[in-house]
Protein chains: 2
Amino acid sequence: MSAVRTLEVAEAPAACCTPLAASEMSEEEADNTARVFKALADPHRVRIVNVLATAEGAVCVCDITDEVALSQPTVSFHLKKLVTAGLLDREQRGVWAYYSINREALERLGSIFQLGGART
Amino acid sequence: MSAVRTLEVAEAPAACCTPLAASEMSEEEADNTARVFKALADPHRVRIVNVLATAEGAVCVCDITDEVALSQPTVSFHLKKLVTAGLLDREQRGVWAYYSINREALERLGSIFQLGGART
DNA sequence: GCGTCACATCGATGTTTGTCAATATCTTCC
DNA sequence: GGAAGATATTGACAAACATCGATGTGACGC
């Protein structure tokens, strides 16, 4: 059991995003933040997130591929980018692979845009 | 005077971002959203936004260049990306160019991560 | 074990992006 | 107008990225 846990090495970038208005931001933090934005910096990936955000639960890859006008390998590639960034979760159900949004990660990402102090 | 106004043709991508959980999202909307993320998908640009977000007003390019370990042309290039995306505002003051964050745009961008309905 | 299906991975290819030296452009002063 | 300073733009280059056909891997049924 513990051998399995140790395989989860790198933390997903979206798990820790520094607020854009943080008083201090290291190069690592900026790099981490940019990684998450990079995962969303493709229109097809934005569309994929939208499809999952409006679904009633996890969605099968086969259905996502139908929604996005791309080949199966390309969709798989994009999904992996989003999972690696920590924005999506993947679940194998027999032959089928299901994907869903990671709500906490997306909402955490939204909160980094809080700029503080009303500056009128 | 009106001749000057007509030069402002294209709307900045950050001016209109579709919520990630929107019930409908066209390819144009996904493309527009991806453009804004693309502007932030570079660690140096994230750092620049952070420098400006924590500053007490507009900041001169010369000071931004000191904060970021890049050459002057590269900083200028990055700043232009952020201005074009609508995330920063630029102001010429004689020989000096000053940049500041567009608070509304950044906060608007943060709001697109609202996913709606608490799904516990 | 074999065959089938789902889908992840690989490799080739074309496109996009980030970097900097060089240069162009703009502002200001004499 | 010419010179100096600030900074935007250009072009070359290397790295990264998006795409898809081909293929590899895993799950499942017989």
Peer 1: Consider the side chain of Cys62(B), meaning its heavy atoms from C-beta on, and name the nucleotide among dT7(D), dC10(C), dC17(D) that approaches it most closely.
Peer 2: dT7(D)
Peer 1: Return the value, rounded to whole Å, for the distance between atom CZ of Arg35(B) and atom C1' of dT17(C).
Peer 2: 14 Å
Peer 1: Counting heavy atoms not belonging to Glu27(A), are there more than 12 under 6.0 Å from its CD?
Peer 2: no
Peer 1: OP1, OP2 of dT9(D) versus side-chain N and O of Lys80(B): anything below 4.0 Å?
Peer 2: yes
Peer 1: Please state how far atom CD in Gln72(B) lies from atom P in dG5(D), giving the value in whole angstrom units.
Peer 2: 15 Å
Peer 1: Given dA21(C), dT7(D), dT9(C), which nucleotide is nearest the side-chain atoms of Pro73(B)?
Peer 2: dA21(C)
Peer 1: Distance check needed: dT7(D) P versus Arg90(B) CZ, whole Å only.
Peer 2: 9 Å
Peer 1: If you find the nucleotide of DNA chain D closest to Thr74(B) and the one closest to Asp42(A), which residue's nucleotide is nearer the 5' end?
Peer 2: Thr74(B)
Peer 1: Taking CG from Leu79(A) and C1' from dT19(D), how many angstroms apart are they, rounded to a whole number?
Peer 2: 15 Å
Peer 1: For a 4.5 angstrom cut-off between non-hydrogen side-chain atoms, does Leu40(A) reach Leu109(A)?
Peer 2: yes
Peer 1: Mind calculating the distance between NZ (Lys81(A)) and C1' (dC7(C)) to the nearest angstrom?
Peer 2: 18 Å
Peer 1: Starting at atom CD of Gln92(B), determine the distance to atom C1' of dC26(C), rounded to an integer number of angstrom.
Peer 2: 7 Å
Peer 1: Indicate the atoms forming the closest heavy-atom contact of Pro19(A) with Met25(A), along with that distance.
Peer 2: O-CE, 3.6 Å
Peer 1: Do Ile112(A) and Thr18(A) have side chains that approach each other closer than 4.5 Å (heavy atoms only, starting at C-beta)?
Peer 2: no
Peer 1: Starting the side chain at C-beta, find the nucleotide from dA8(D), dT7(D), dT27(C) nearest to Val95(B).
Peer 2: dT27(C)
Peer 1: Of the listed nucleotides (dT9(C), dA8(D), dG18(C)), which one gets closest to any side-chain atom of His78(B)?
Peer 2: dG18(C)
Peer 1: At less than 4.0 Å, is any side-chain N or O atom of Tyr99(A) found next to OP1 or OP2 of dA8(C)? Yes or no.
Peer 2: yes
Peer 1: Any side-chain N or O of Arg45(A) below 4.0 angstrom from OP1/OP2 of dA18(D)?
Peer 2: yes
Peer 1: Between P on dA8(C) and CD on Glu91(A), what's the gap in Å once rounded to a whole number?
Peer 2: 13 Å
Peer 1: What is the distance, rounded to the nearest whole Å, between atom OH of Tyr98(A) and atom P of dG26(D)?
Peer 2: 21 Å
Peer 1: Are more than 12 heavy atoms from other residues, nucleotides or ligands located less than 6.0 Å from atom CD of Glu24(A)?
Peer 2: no
Peer 1: Which nucleotide in the set dT19(D), dA8(C), dT19(C) lies at the smallest distance from any side-chain heavy atom of Leu70(A)?
Peer 2: dT19(D)
